[in-house]
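This report concerns only the one structure given below.
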Amino acid sequence: MELGPPGGSGPAEPGPRLRGLRGADAAASASSLSRFGAEAGCRASAVAAVLPAGGSGERMGVPTPKQFCPILERPLISYTLQALERVSWIKDIIVAVTRENMETMKGIIQRYQHKRISLVEAGVTRHRSIFNGLKALAEDQPNCRLSKPEVVIIHDAVRPFVEEDVLLKVVTAAQEHGASGAIRPLVSTVISPSADSCLDHSLERARYRASEMPQAFLFDVIYDAYQQCSDYDLEFGTECLHLALKYSHIKAKLVEGSPDLWKVTYKRDLYAAESIIKERISQKVCVVMDTKEDEEHVGHCLEEMLKTELNHVKVTSGQDLQQIILEQCYNFVCVNVMTSDFEETQRLLNMVEESNLSILYPVVVISVHFLDYESVPLGQKMEKVMQIREFAKEAKKRNILLSGLLIYFPQEIQRDLLH
Ligand SMILES: Nc1ccn([C@@H]2O[C@H](COP(=O)(O)OP(=O)(O)OP(=O)(O)O)[C@@H](O)[C@H]2O)c(=O)n1
Ligand SMILES: O=C(CO)[C@H](O)[C@H](O)COP(=O)(O)O
């Protein structure tokens with residue numbers, strides 16, 4: 001984590017100072033750049049993201065700025081950071097935070113082990129915060145420690161449900177057109193009231209769209225636009241795409257976004273966000289195998305099967321369990337092929353307990369064991385497995401719901417499978 005000195009939040013110098021790309025030149029140059037691939041194709045340092053997180057959340061009406069409000073005990077901004085850092089081709093994530101919340105933000109980064117984050121000081125308006133974030137990436141700024149990206153994503157810190165596919169769409173479109181942003185259909189009709197609060201005119205709803213985030217820009221396009229824009233723009237503007245059009249003459253490509261891209265603004269949005277997070281949690285499962293070999297063979301088959309039913313399936317032989325727990329996985333299947341004891345399950349239970357994950361929401365653990373009563377006497381095996389009842393009683397006190405599953409699996413089948 002770095003705290004970069006991006007310059008103050010002062011006004012941009014006025015006048016036309018477009019040094020880089022302009023209008024059609026920018027678009028032409030953009031289209032000649034290499035395209036992005038879902039996995040590969042993104043050159044090192046080609047994409048960075050700027051997250052304005054310096055607001056006070058007045059409309060939320062609570063003392064804590066909304067980006068730090070907890071949802072299932074975890075600050076809202078941590079979900080947004082997680083969504084972005086999951087995308088491996090985003091090389092740097094610049095977060096603009098007010099000076100008084102800098103320590104809080106550093107604490108969140110440390111607690112949730114966020115990666116590739118640099119902090120800059122927020123400005124007094126959203127546009128000024130974004131500008132500060134861009135300055136941290138610009139080559140012409142003193143003490144600039146980050147490399148200038150080809151494309152920069154701008155995304156509000158309070159829109160936690162951004163997925164890789166929409167990020168890829170806006171980045172690809174920005175490469176081609178210079179600028180791009182996610183849009184949604186309007187829910188209500190937009191009307192214009194007159195000074196005496198009577199209807200002046202209304203817009204034809206089907207012709208308009210709501211501008212959402214994420215947005216992406218060729219770095220030079222948006223940085224040049226911010227450098228030229230007026231104090232009025234920086235003070236009252238709400239739309240980065242508009243700045244790219246007005247100052248860099250780039251017509252942004254608009255990309256249809258998902259309904260989950262909405263911005264957490266009012267208190268009720270926190271409840272809506274919580275229910276989406278809970279829904280996602282219920283769709284996440286981690287299968288813990290007891291050996292690396294089983295992770296590769298049995299684990300892979302299980303993953304394929306489970307993926308038809310659930311959105312997020314992770315198979316591991318345990319090395320990255322800490323991280324998986326940190327990412328709020330609440331459902332675990334612990335598969336014990338080699339052993340009939342509970343060592344692995346117990347290790348998992350200890351880690352879950354230490355993480356405090358189950359404080360707000362029950363964690364479900366299924367411990368799977370295999371039984372061959374022809375080679376091991378049934379009574380002996382059952383006795384061992386029945387110990388799970390004792391474990392389950394203890395675990396339940398800590399909101400961990402532990403169940404055991406005993407599968408009849410004779411050794412000859414195991415042998416056949418191995419050969
Ligand atoms: N000076 C500011 C103001 C806003 N933002 C950020 O811009 C995003 C979108 O702005 P908005 O929803 O308006 O946030 P707030 O300004 O905090 O909300 P409100 O307008 O209700 O006060 C948020 O992530 C917010 O933290 C920012 O970085 N710097
Ligand atoms: O939705 C937008 C897309 O451009 C806005 O620009 C931005 O998210 C709105 O922020 P604010 O509520 O502070 O104006």
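Counting starts at 1 for both ligands and their atoms, following the listed order. Side chains are part of it too, since the values below use all heavy atoms of this structure and drop only hydrogens, waters and symmetry mates.
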Q. Of the choices Asn132, Thr125, Ile130, which has the non-hydrogen atom that lies closest to atom 2 (C) of ligand 1?
A. Thr125

Q.
If we check side-chain contact (heavy atoms from CB on, under 4.5 Å) with Phe219, which of these qualifies: Val47, Leu137, Asp224?
A. Leu137

Q. If you draw the axis of the six-membered ring of Phe131, does the NZ or CZ of Lys135 fall within 45° of it and under 6.0 Å from the ring centre?
A. yes

Q: Name the closest protein heavy atom to atom 28 (O) of ligand 1, giving the residue it belongs to and the distance to 0.1 Å.
A: Gly54 N, 2.7 Å

Q: Give the residue, atom name and distance (to 0.1 Å) of the protein heavy atom nearest atom 12 (O) of ligand 2.
A: Lys263 NZ, 2.4 Å

Q. What atoms in ligand 2 come closer than 4.0 Å to a heavy atom of Gln215?
A. 3 (C), 4 (O)

Q.
Counting only heavy atoms closer than 4.0 Å, does ligand 2 sit against the backbone of Arg159, its side chain, both, or neither?
A. side chain

Q | Modelled atom types, side-chain donor and acceptor of Gln319 and Ser317, under 3.5 Å | A | yes

**Q.** Asp233/Lys246 ion pair, N-O < 4.0 Å
**A.** yes

Q: Enumerate the atoms of ligand 1 whose separation from the nearest heavy atom of Gln67 is less than 4.0 angstrom.
A: 26 (O)

Q: State the atoms of ligand 2, each with its element, that fall below the 4.0 Å cut-off from a heavy-atom position in Asp156.
A: 7 (C), 8 (O)

Q) Which heavy atom of the protein is the closest neighbour of atom 29 (N) of ligand 1, given with residue, atom name and distance? A) Ser129 OG, 2.7 Å

Q. Which is closest to atom 7 (C) of ligand 2 by heavy-atom distance: Arg184, Arg126, Glu58?
A. Arg126

Q. Which protein heavy atom lies closest to atom 1 (N) of ligand 1, and at what distance to 0.1 Å?
A. Gly123 O, 3.0 Å

Q. Counting only heavy atoms, which portion of Arg59 has something under 4.0 Å from ligand 2: side chain, backbone, both, or neither?
A. side chain

Q. Which of these, Leu405, Leu406, Leu402, sits in a side-chain contact (heavy atoms from CB on, under 4.5 Å) with Ile388?
A. Leu402

**Q.** Residue pair Glu256 / Arg184, side-chain heavy-atom distance below 4.5 Å
**A.** yes

Q: Among all protein heavy atoms, pick the one closest to atom 8 (C) of ligand 1 and tell me residue, atom and distance.
A: Asp156 OD1, 3.4 Å

**Q.** atom 12 (O) of ligand 1 - nearest protein heavy atom and its distance
**A.** Lys66 NZ, 2.8 Å

Q | Nearest option to atom 20 (O) of ligand 1, as decided by whichever heavy atom of Arg126, Glu58, Met60, Arg59 sits closest | A | Arg59

**Q.** Enumerated ligand 1 atoms positioned under 4.0 Å from heavy atoms of Lys263
**A.** 9 (C), 11 (P), 12 (O), 13 (O)

Q) Considering residues, nucleotides and ligands other than Lys115, do more than 12 of their heavy atoms fall under 6.0 Å from its NZ? A) yes

(Q) Can you name the atoms of ligand 1, numbered from 1 with element, that are less than 4.0 Å from a heavy atom of Val158? (A) 23 (C), 24 (O)

Q: Answer with side chain, backbone, both or neither: which part of Val124 has a heavy atom less than 4.0 angstrom from an atom of ligand 1?
A: backbone

(Q) Can you tell me how the ring of Trp262 sits relative to the ring of Phe161, calling it parallel under 30°, perpendicular over 60° and tilted otherwise? (A) parallel

**Q.** Atom CD of Glu58: over 12 foreign heavy atoms under 6.0 Å
**A.** no

Q | Interfacing atoms of ligand 2 (cut-off 4.0 Å, heavy-atom, Thr238) | A | 4 (O), 5 (C), 6 (O), 7 (C), 14 (O)

Q: Name the closest protein heavy atom to atom 24 (O) of ligand 1, giving the residue it belongs to and the distance to 0.1 Å.
A: Pro52 O, 2.8 Å

Q) Can you list the ligand 2 atoms lying under 4.0 Å from a non-hydrogen atom of Glu239? A) 3 (C), 4 (O)

Q) Between Asp260 and Ser258, do the side chains contain an N or O donor and an N or O acceptor separated by less than 3.5 Å? A) no

Q: Would you please say whether a donor-acceptor pair under 3.5 Å links the side chains of His127 and Ser129?
A: no

Q: Run the numbers for me: atoms of ligand 1, each under 4.0 Å from some heavy atom of Ser56, listed by number.
A: 17 (O)

Q) Side chains of His114 and Ser78: donor-acceptor distance under 3.5 Å anywhere? A) yes

Q.
I want to know if ligand 1 touches Gly55 in the polar sense, i.e. an N/O pair below 3.5 angstrom.
A. yes

Q: Give yes or no for whether the N/O distance cutoff of 3.5 Å, strictly under, is met between Gly57 and ligand 1.
A: yes

(Q) Does either side chain, that of Ser211 or that of Glu239, offer a donor lying less than 3.5 Å from an acceptor on the other one? (A) yes

Q. Regarding Gln82 and Gln328, is there a side-chain donor-to-acceptor distance under 3.5 Å anywhere?
A. no

Q: Kindly confirm or rule out an N or O of Ala122 lying under 3.5 angstrom from an N or O of ligand 1.
A: no

Q: Please report the closest heavy-atom contact between Gln323 and Gln113, naming both atoms and the distance.
A: OE1-OE1, 3.6 Å

**Q.** Per-atom contacts, ligand 2 versus Ser211 - under 4.0 Å to a heavy atom
**A.** 1 (O), 2 (C), 3 (C), 4 (O)

